[in-house]
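For reference, the structure discussed in these notes is given below.
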Number of protein chains: 2
Amino acid sequence: MIDVRLITLRVFSQCGTIGATAELTGYSPSAVSAQLRELQKALGMQLLTKDGRGVRLTATGRFLVAGSDSLIAEWERLRAAALEAGDQVQPHFGIGGFSTAAAQLLAPLAATLRSARPQLEVQVLEADPARCFDLLVAERIDLAVIVAMQADPHREDDPRFEQRVLLDDPLDVIIPADHPLASHEAVTLDELAAEPWITEAAGSTYHALFTAAFTAVGVTPRIAHEAVEWETLIAFVGAGLGVGLLPRLAPLNGAENVVRLRLTGDGRPSRRIIAAVRRGSITSPLIQESLGILQATAHQILTARLEEDA
Amino acid sequence: MIDVRLITLRVFSQCGTIGATAELTGYSPSAVSAQLRELQKALGMQLLTKDGRGVRLTATGRFLVAGSDSLIAEWERLRAAALEAGDQVQPHFGIGGFSTAAAQLLAPLAATLRSARPQLEVQVLEADPARCFDLLVAERIDLAVIVAMQADPHREDDPRFEQRVLLDDPLDVIIPADHPLASHEAVTLDELAAEPWITEAAGSTYHALFTAAFTAVGVTPRIAHEAVEWETLIAFVGAGLGVGLLPRLAPLNGAENVVRLRLTGDGRPSRRIIAAVRRGSITSPLIQESLGILQATAHQILTARLEEDA
DNA sequence: ATCGATCATGCAGCTATTTTGCATGGTTAT
DNA sequence: ATAACCATGCAAAATAGCTGCATGATCGAT
């Protein structure tokens with residue numbers, strides 16, 4: 001209900017380039033450029049200024065974007081309240097999430113919603129956490145299931161979003177099946193300090209979690225190899241190239257030659273899986289229902305874990 | 001910046017019919033009908049329901065409209081703040097007002113703005129007070145100069161508007177030049193109790209003010225004739241048909257055979273001339289400047305009166 | 001310096017939405 | 001019963017908005 005051009009401006013304020021804005025919103029760069037030009041004319045404000053080969057927000061533009069946070073939030077609140085008051089349901093619902101989270105939590109959610117509300121048009125987008133927030137701002141999705149590193153700079157106080165913790169997902173160690181420790185129930189990071197490690201590329205969110213875990217116990221791991229996908233990491237371990245950390249939720253998919261071990265001791269790394277929505281929309285019926293389903297799924301996962309550990 | 005369809009819904013909530021909404025917004029009835037249908041589909045809410053030969057808002061619709069008051073206000077605040085912060089000025093400015101107010105206050109305002117800001121596109125609409133509020137809601141105008149009866153149900157606390165008093169405009173008596181009281185400086189309503197009165201049509205806002213003034217002094221005037229325009233009323237008085245009340249701001253335009261007398265004593269009726277804007281927009285540079293000009297004009301009028309009375 | 005890559009913008013042409021005008025059907029008042 | 005009023009649907013028309021490509025400008029690298 002807020003003018004599309006203002007939304008576009010907000011997306012731009014995040015990604016900084018017209019091209020990226022176009023990609024996020026689903027328009028062409030020309031369309032974004034035209035929209036922002038129109039917006040400036042309609043408001044009588046200069047919002048953008050040339051900066052090198054790109055453009056950047058003026059002070060007025062930043063002011064407008066910052067101020068629009070509460071405007072968007074209030075609209076979401078109003079819409080949610082009206083939907084609730086009228087016992088009505090929006091026609092479209094977009095949800096986004098990241099790989100394992102998507103597979104384990106989003107898929108059941110989409111399935112449940114689809115069967116419960118055949119009228120509703122559910123759209124699922126797989127995207128990494130950062131992009132999920134962008135998609136929320138761009139109003140492409142209404143709910144995101146993302147993983148937040150424990151050490152992450154908390155976005156909890158971002159005026160644009162509201163978040164709910166769904167579950168904590170600890171990292172396990174995977175080691176080659178023929179490794180001396182393979183028969184153990186659990187290990188500590190200390191015991192594995194001397195191993196060659198396989199990790200994600202430096203700069204990735206997991207890499208940060210990885211190093212944080214080791215600095216917590218005071219050892220410096222030797223990074224032997226880097227992988228991007230869990231599949232690759234598992235394969236590397238299976239080939240005896242080293243050991244690695246794998247979130248509990250990420251399935252081994254019957255990979256051979258590897259063993260998954262629980263981590264014990266201090267500094268056990270874990271990632272936090274949270275649901276994020278645009279601020280104000282959390283009371284919307286559909287969001288409430290979705291959060292319920294997600295929490296039920298999370299609970300189910302936790303219960304299954306307890307049984308497994310028992 | 002708020003979606004046009006929501007504005008249209010708000011206008012509808014005031015005037016109650018699609019046709020009137022179309023007239024106010026400048027669209028055709030079909031367009032309004034289509035817009036509202038689209039709005040309902042986009043939001044997934046049923047906002048309208050058939051009622052006799054017309055339509056009316058559902059509970060959800062009323063809820064949405066009521067809640068949107070603060071949304072609009074917040075947007076206006078944001079826009080005003082951004083314009084102020086960026087020292088920039090909107091490209092279009094619409095002002096509305098009623099007959100005498102328009103002539104005496106709006107015309108100078110428009111002229112001053114035009115010369116001070118040649119870039120600015122100023123549009124003046126003459127409309128009665130009730131319609132001015134509608135036009136404000138419809139965003140056709142940004143500032144209205146209206147007359148409020150002293151006895152009027154105060155709109156001051158309307159969450160949609162903000163108002164500033166410009167000046168109080170007392171009503172004078174006009175009597176035929178050959179009337180025995182014509183040579184007096186001032187008269188009381190008591191002295192004129194027995195005269196045949198010429199007033200506005202029953203139901204008009206002035207009529208209410210008229211009767212209120214007489215009930216205040218405890219007499220019941222005899223209403224001999226009714227006029228719609230001041231011109232007509234003055235002509236009637238000039239023809240000796242009776243006496244009437246005329247706001248100080250309304251000029252006699254050199255009418256013959258009539259005399260304007262000050263009213264003294266209790267219950268002197270007066271109308272209040274106020275400026276109204278959409279709530280939140282009052283801090284906008286252009287509005288601030290306009291209010292300054294209006295207040296200066298009002299002050300000028302008051303000073304001229306004092307000199308005249310001296 | 002030169003070349004290539006990256007980014008924003010303008011334009012021509014097209015698409016899609018939106019609006020209009022008229023006709024229809026239902027409802028109220030006379 | 002008739003006339004007036006009101007909303008809505010439809011086809012045609014107008015308009016706004018988008019896309020794709022070409023252009024120009026900037027930055028980094030060779």
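Order of the sequence lines fixes the chain letters, A, B, ..., with proteins taken first and strands second; residue numbering starts at 1 for each chain. We use all heavy atoms of the structure for the numbers below, so side chains are in, but hydrogens, waters and symmetry mates are not.
- Protein atom CZ of B:Arg37 is 7 Å distant from nucleotide atom P of D:dT8, rounded to whole Å.
- Computed from coordinates, the B:Glu38 CD to C:dT18 P distance equals 6 Å when rounded to whole Å.
- For the residue pair B:Pro29 and B:Ala22, the shortest heavy atom distance occurs at N-CB, 3.5 Å.
- Atom NZ in A:Lys41 sits roughly 12 Å away from atom C1' in D:dA16 (whole-Å rounding).
- Distance from the side chain of A:Ile18 is smallest for C:dA8 among the nucleotides C:dA8, D:dT8, C:dT20.
- Atom-to-atom, CG of B:Leu36 to C1' of D:dG9 comes out at 15 Å; the value is rounded to the nearest Å.
- Contact of B:Ser30 with C:dG21 (side chain to base): a donor-acceptor pair of N or O atoms is detected under 3.5 Å.
- Distance CG (A:Asp3) to C1' (D:dG17): 13 Å, rounded to an integer number of Å.
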(message) Evaluate A:Ser68 against A:Arg10 for side-chain hydrogen bond (donor to acceptor under 3.5 Å, both in side chains), listing each step before the verdict.
(response) CA-CA 8 Å; A:Ser68 65; A:Arg10 288 169 57 80; 2.8 Å; yes
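- In this structure, B:Gly19 and A:Gly54 both approach DNA chain D, and ranking their closest nucleotides by distance from the 5' end singles out B:Gly19.
- For the OP1/OP2 pair of D:dG28 and a distance below 4.0 Å, the side-chain nitrogens and oxygens of A:Arg53 include no atom meeting the criterion.
- Nearest to the side chain of B:Thr17, among C:dT9, D:dT8, D:dC6, sits D:dC6.
- The interatomic distance linking B:Tyr27 (OH) with C:dT20 (P) rounds to 8 Å, in whole Å.
- Atom P of nucleotide D:dA7 and atom CZ of B:Phe12 are separated by 7 Å, given to the nearest angstrom.
- Distance, A:Glu23 CD to D:dC18 P: 17 Å, rounded to whole Å.
- The pair B:Arg114-B:Glu121 fails the salt-bridge criterion, with no side-chain N (NZ, NE, NH1 or NH2) lying under 4.0 Å from an Asp/Glu carboxylate O.
- Taking the side chain of A:Ala31 as heavy atoms from C-beta on, and the options C:dA8, D:dA7, D:dC18, the nearest nucleotide is D:dC18.
- Across every non-hydrogen atom of A:Ser284 and A:Ala80, the tightest pair is N-CB, 3.4 Å.
- Considering all non-hydrogen atoms of both residues, A:Ser290 and A:Leu143 come closest at CB-CD2, 3.8 Å.
- The nucleotide whose nearest atom lies closest to any side-chain atom of A:Gln35 is, among D:dC18, C:dT19, D:dG9, D:dC18.
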